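Scroll down for the structure; my scribbles are underneath it.
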Protein chains: 4
Amino acid sequence: MSKEDSPRMSRRDRRHRALKDAAIEIFFEHGYHAAKVSQIVKRVGVAQGTFYLYFEGKQQLFAELISDFLELFVSTVAEWEPEEIDSRRVLRQELTEVGLKLTEVLLDNKKVTAIFFRESQAVAPELNELIRHTYEMLLAMLTDFNRILYKRGLIADMNFRLLATMTVGMVERVIVERIVHDTLDEAEPQEIVDHLIMHYLAGTTDIVDETLS
Amino acid sequence: MSKEDSPRMSRRDRRHRALKDAAIEIFFEHGYHAAKVSQIVKRVGVAQGTFYLYFEGKQQLFAELISDFLELFVSTVAEWEPEEIDSRRVLRQELTEVGLKLTEVLLDNKKVTAIFFRESQAVAPELNELIRHTYEMLLAMLTDFNRILYKRGLIADMNFRLLATMTVGMVERVIVERIVHDTLDEAEPQEIVDHLIMHYLAGTTDIVDETLS
Amino acid sequence: MSKEDSPRMSRRDRRHRALKDAAIEIFFEHGYHAAKVSQIVKRVGVAQGTFYLYFEGKQQLFAELISDFLELFVSTVAEWEPEEIDSRRVLRQELTEVGLKLTEVLLDNKKVTAIFFRESQAVAPELNELIRHTYEMLLAMLTDFNRILYKRGLIADMNFRLLATMTVGMVERVIVERIVHDTLDEAEPQEIVDHLIMHYLAGTTDIVDETLS
Amino acid sequence: MSKEDSPRMSRRDRRHRALKDAAIEIFFEHGYHAAKVSQIVKRVGVAQGTFYLYFEGKQQLFAELISDFLELFVSTVAEWEPEEIDSRRVLRQELTEVGLKLTEVLLDNKKVTAIFFRESQAVAPELNELIRHTYEMLLAMLTDFNRILYKRGLIADMNFRLLATMTVGMVERVIVERIVHDTLDEAEPQEIVDHLIMHYLAGTTDIVDETLS
DNA sequence: CATGAATGAGATTTCATTCAT
DNA sequence: GATGAATGAAATCTCATTCAT
């Protein structure tokens, strides 16, 4: 997902990148269906046919964009080491760190983020499958994580899958409002993350640790 | 949004309803862009031109569907009387009731629900505005509601808009998983609603009422 | 072509007349092809189907309008008695009379006149034939008339058909400018008619009569 | 308006020309409204979409045709040098020349001429404005010309605008009969032009020059 | 006579993709 | 690799006309 136009990139890679960047702009401005390949190539300044030297087609380019986004998202939220989390305090620290990192990454990629949440599901069934698969993975991961937290006494017993689902929802909607619609902009990332964590960790019985922290 | 084909409906209303129902099927199966007006009219068994006696066009029909859905959603979640809520217990009762009602309503309208969450934002900018406007309204309402709960000592002090946003997110994702993707189906509506409420009401200090209930 | 809504007319005739009048308005405003039957019936306040009780269709109605107009035109210009014309002075008197009468009649029917000259030829081949036939008749009549004038020594020898053609052209263009486009409106009908006659009768050798008159 | 398929024309220009020529045929045969783009492309042997690489649409193509025609017409009749006309004889010479040139040009473009007079006004209001504007220009030019002739003692005093209008009418109708309907075909162009001039210059008092010539 | 809902043929136009240069 | 002209499939929508009530 990195967009830097490093001189180390080959001519081919640079052009590939340029087309993707242009596509992001156009998709963001007009939406996938209203966006025309002709607009994308015009923005980059290459011929219509050139487009097909770099992508199989409009849809495949879109899929590539979404796939990049999912990878970026997953790699950002999935880089922690659960085994090190042994106290409520460490948990909060870790979650805060992930939350702030994610905020930063998504703010750096506002337009793809917007594209993803706005219409990634309305383009092609194949793409929906990829997205669905990623969600399943994320949910499974979070569910497992919740179970671990429970075993370590960090959260109460409950439906862990449900908790994972709700958590994903909270985060998604906050992203959409904050990153895509620019509401919630008076709230600091730290504040947002704190609220998310508080409601994620609701219903815990670990009163002691809570009062101590 | 009611779909019953009551004999009280005029001939015109019945046909209007039939076309909408067929459209829901087709949009659900193929998605907005792949759906053809010809498929819709064929399913109802009327001529192509008849469609345009009832709708200005494919897009306006879609907008009508989404508008209906939003109205249904809002009217379902917005029918409570905040003034009667004076205790944690009543609050839970009310929320549970709304949650169960919403579950029922959305299960009755699975396909429109799926259409809404899958691609309502990827059709037309005008429609996006309507949707956005509805979200703003919903968020404002919930924010106010949260503020009232706080004043009555039912929740802690916090960023009420943020809480509203997260709540909407939790609910949305749970809807999508449960109603649209048929995951979480081993969870009873009651369990789901309980979890949602628990995490919505997280961070409360009202320990007393809590232990009593 | 008479438009008066006399009480002597039967209900049927009144409605027929009303539809024609409405059609004239609509055709004038939008042109034949852009005019819709629905607009015509709406203006009269009858149902769509009623239209077809009075006319075979849109095209036949148009043809009726044009046919009426041609009849009106021909009957206006063709009512003289050539045998009585035995001097240049009488000729001028007769021509003046016809000219003024025609002006009056066409001013009373501005919109049909405009419709006729603007698009009567662009509707249907059958109609073109009728129009063509009328022109042929008119030209033949005028040609004969010219020949008679020549025999009586009122005009010089020349190509009488050509003279007839030019005369029709002069008159037509003057009509279009004066009646349809409202240019030439500072010129009195009398002046217009005088000019037409002068150039129609050009090349005459009848100097004597000329100087006497 | 030139139709020659010169090898100097670019590939693009040749195809543009070919499409226009085919369109002229089709419009001539069926009329604007009955003419189908599919017929035009079929005649040229290109794909349907190709048409839209060269024209914005059927209507714009028609407008281009009419615009070409008007330009051709105006450039043919407007190329004289009024200052050189100092005698009735020179005037006749000049008018004859223009008349013969126009006849030639229009005979070379019979079908567009027919299309123009048959239905150019029945296609689109925008086009009507262009046509009207051209007529106004032509009439103003002729009116000025008449005034000059009068000042030089070549024609009598009269309503010059009216004379211009009548002249345009004579010419038009003669064109329609001769070029479009193939009547008057036993008359030589020279004869036609002579008659037109005679009636155009009617009412002159310049007897001397007349008898001399 | 009157109604007006329903019909359905079919033309225009778009644009992703191809391929000869 | 690059070009960009050409392709052509296919879907929307219109509106004169019909006909059952």
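Because the structure is predicted, anything quoted here is derived from the model rather than measured. First the proteins, then the strands, lettered A, B, ... as listed; each starts at 1.
Straight-line distance from the CZ atom of A:R12 to the P atom of F:dA2: 8 Å, rounded to whole Å. Across the protein-nucleic acid pair, D:L61 atom CG and E:dT13 atom P stand 11 Å apart, rounded to whole Å. The nearest whole Å value for the distance from the NE2 atom in D:H33 to the P atom in F:dA16 is 12 Å. Rounded to an integer number of Å, the gap from C:F51 CZ to E:dA5 P is 18 Å. Taking atom CG on B:D13 and atom C1' on E:dA5, their separation rounds to 14 Å, with Å as the unit. Atom P of nucleotide E:dT12 and atom CZ of D:F62 are separated by 14 Å, given to the nearest angstrom. When rounded to the nearest whole Å, the span between CD1 of B:I40 and P of F:dT12 equals 8 Å. Rounded to whole Å, atom C1' of F:dG8 lies 14 Å from atom NZ of D:K42.
For the side chain to side chain donor-acceptor pair (under 3.5 Å) with A:Q60, the lone residue among A:K58, A:E56, A:E64 that qualifies is A:E64.
With 3.5 Å as the limit, one finds a donor-acceptor pair spanning the side chains of B:Q59 and B:E126.
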Does the side chain to side chain contact (heavy atoms under 4.5 Å, CB included) test come out yes or no for B:H30 and B:K36, once each step is laid out? CA-CA 9 Å; B:H30 303 89; B:K36 308 300 163 208; over 6 Å; no
(Q) The test is side chain to side chain contact (heavy atoms under 4.5 Å, CB included); show your working for C:I66 and C:F116 and say whether it passes. (A) CA-CA 6 Å; C:I66 296 304; C:F116 176 80; 3.9 Å; yes
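The environment of NE2 in A:H133 is sparse: at most 12 heavy-atom neighbours from other residues, nucleotides or ligands sit within 6.0 Å.
When heavy atoms are screened at a 4.0 angstrom cut-off, C:Y54 is found touching the sugar-phosphate backbone but no base atom.
Close to F:dA5, at under 4.0 Å from its OP1 or OP2, lies no side-chain N or O of D:R15. Contact check, A:R11 against F:dA2: a side-chain N or O comes under 4.0 Å of OP1 or OP2.
Position along DNA chain F of the nearest nucleotide to B:Q48 versus D:G45 favours D:G45 as the more 5'-ward residue. When each of B:L53 and A:A34 is assigned the nucleotide of DNA chain E with its nearest heavy atom, B:L53 is the one assigned upstream, toward the 5' end. Positionally, the nearest nucleotide of DNA chain F for B:V37 lies more toward the 5' end than for the other of B:V37 and C:S38.
Ion pairing between a basic and an acidic side chain is recognised when a charged N comes within 4.0 Å of a carboxylate O; B:R118 and A:E119 show no such pairing. Salt-bridge annotation for C:D21 and C:R43: absent, with no side-chain N of the basic residue lying under 4.0 Å from a carboxylate O of the acidic one.
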Dot-bracket for DNA chain F, 5' to 3', Watson-Crick and G-U pairs with both distances under 3.5 Å, [ ] for crossing pairs, | for partner on another strand, reads .||||||||||||||||||||
Polar-atom pairs under 3.5 Å, protein N or O versus N or O of nucleotides 19-21 of chain E: list them with distances, or write none.
none

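At least one side-chain heavy atom of A:F117 sits under 4.5 Å from a side-chain heavy atom of A:T113. In this structure the side chain of C:I40 reaches within 4.5 angstrom of the side chain of C:L61, judged on heavy atoms.
Residue D:K58 places its side chain closer to E:dT13 than to any other of E:dG4, E:dA16, E:dT13.
Between D:H16 and D:Y54, the ring planes lie tilted relative to each other; the angle falls in the 30° to 60° range.
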